[in-house]
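Contents: one structure, followed by commentary.
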Amino acid sequence: MEIQLWREILEPYALAVDEMSVKFNHIIESYRKAGMYSPIEQVTGRVKTISSILEKAQKKNIPLESMEKSIEDIAGIRIICQFIDDIYKVVDLIRNRTDMQIISEKDYITHKKSSGYRSYHLIVTYTVETLYGPKTIHAEIQIRTLAMNFWATIEHSLQYKYKQNMPDVLRKRLHNAADAIVVLDDEMSSVRGEIMDAQNSFNIRANIVADILTNIQNLYKVANKREVVKIQDEFFRIYESEDLKQLERFNKELDIISEGYRAQSLR
Ligand code: 0O2
């Protein structure tokens, strides 16, 4: 097939990867802006390379005409979570969306692969708008923890290097590492509450500080400079004390002051 034709075929997949990445990143943003813990830590996406598509088609005896129907991971999204519980939250989150429909799922966490690979896979349909009208494509969403991703990335590179000829010693080591990753994920899950609390208060504090700074910036436009400098000094004092309650109270007071100026300007 000509390169130009491949480009045309792969275009909607690239668009789908871009759109889906934006949407999942937006979920992270929304959680963080609301001062809540995000079950999604990172999102990456890729379109399978032409050589990788051809390799898979050959391996599975797929004729090129039915490639789009039979190779379901031409568009791939990878969602990385901190904890195993988050993975199932993300699956539910996707299940409740109207812009992607799950058509199949593989839980390689409950049933890990013989290689030691663990991850949750979803195949979804997703519709993009192209120059020629809407096109519904398949996309694979892999959801895994940071630790699972670490293992899979290393193992994938070794698989690539050795193909079918990975030395037994190395294979054994990878199995041991996979077992260690299971223990690590379980250990992290047991301190999940503690970690989430710490991250939540970090996010809440960051949001309050952002609000205060916006308020102070706006006050510079309307209030007496000396008064704003006083407010700013007070903010630095509270900020350094690291007292979240005081910071919250200060933010509310600033809101009232800002509201007063807004009301004055409308008179
Ligand atoms: P790439 O380069 O990531 O795109 P098959 O692909 O034949 O194994 P199937 O049913 O198409 O079978 O998909 P499966 O088993 O759900 O796996 C699809 C993808 O999951 C793979 O894509 C890998 O990304 C990942 N994966 C599956 N098994 C392993 C494994 O043992 N180790 C690692 N590191 N990743 C795995 P591709 O197309 O193989 O590769």
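Whatever order the structure lists them in is the order used to number ligands and atoms, beginning at 1.
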Using 0.5 Å steps for rounding, measure from the CG atom of Leu254 to the CD1 atom of Ile212. 6.0 Å

Side chain to side chain donor-acceptor pair (under 3.5 Å) pairs touching residues 54-67, sequence neighbours excluded, are Lys56-Asp73

Suppose we screen for salt bridge (Lys or Arg N to Asp or Glu O under 4.0 Å). Which residues come up paired with Glu259, at least two apart in sequence or across chains? Arg262

Under the side chain to side chain donor-acceptor pair (under 3.5 Å) rule, collect the residues that match up with Gln199, sequence neighbours excluded. Gln82

Arg78 and Glu41 ion-paired at < 4.0 Å: no

According to the interplanar angle, ranging from 0 to 90°, do the rings of Tyr117 and Trp151 count as parallel (below 30°), tilted (30 to 60°) or perpendicular (above 60°)? tilted

For ligand 1, protein residues within the heavy-atom limit of under 4.0 Å are Arg46, Lys48, Lys56, Lys59, Lys60, Asp73, Lys106, Tyr108, Lys113, Ser115, Tyr117, His121, Glu140, Gln142, Ala152, Glu155, His156, Gln159

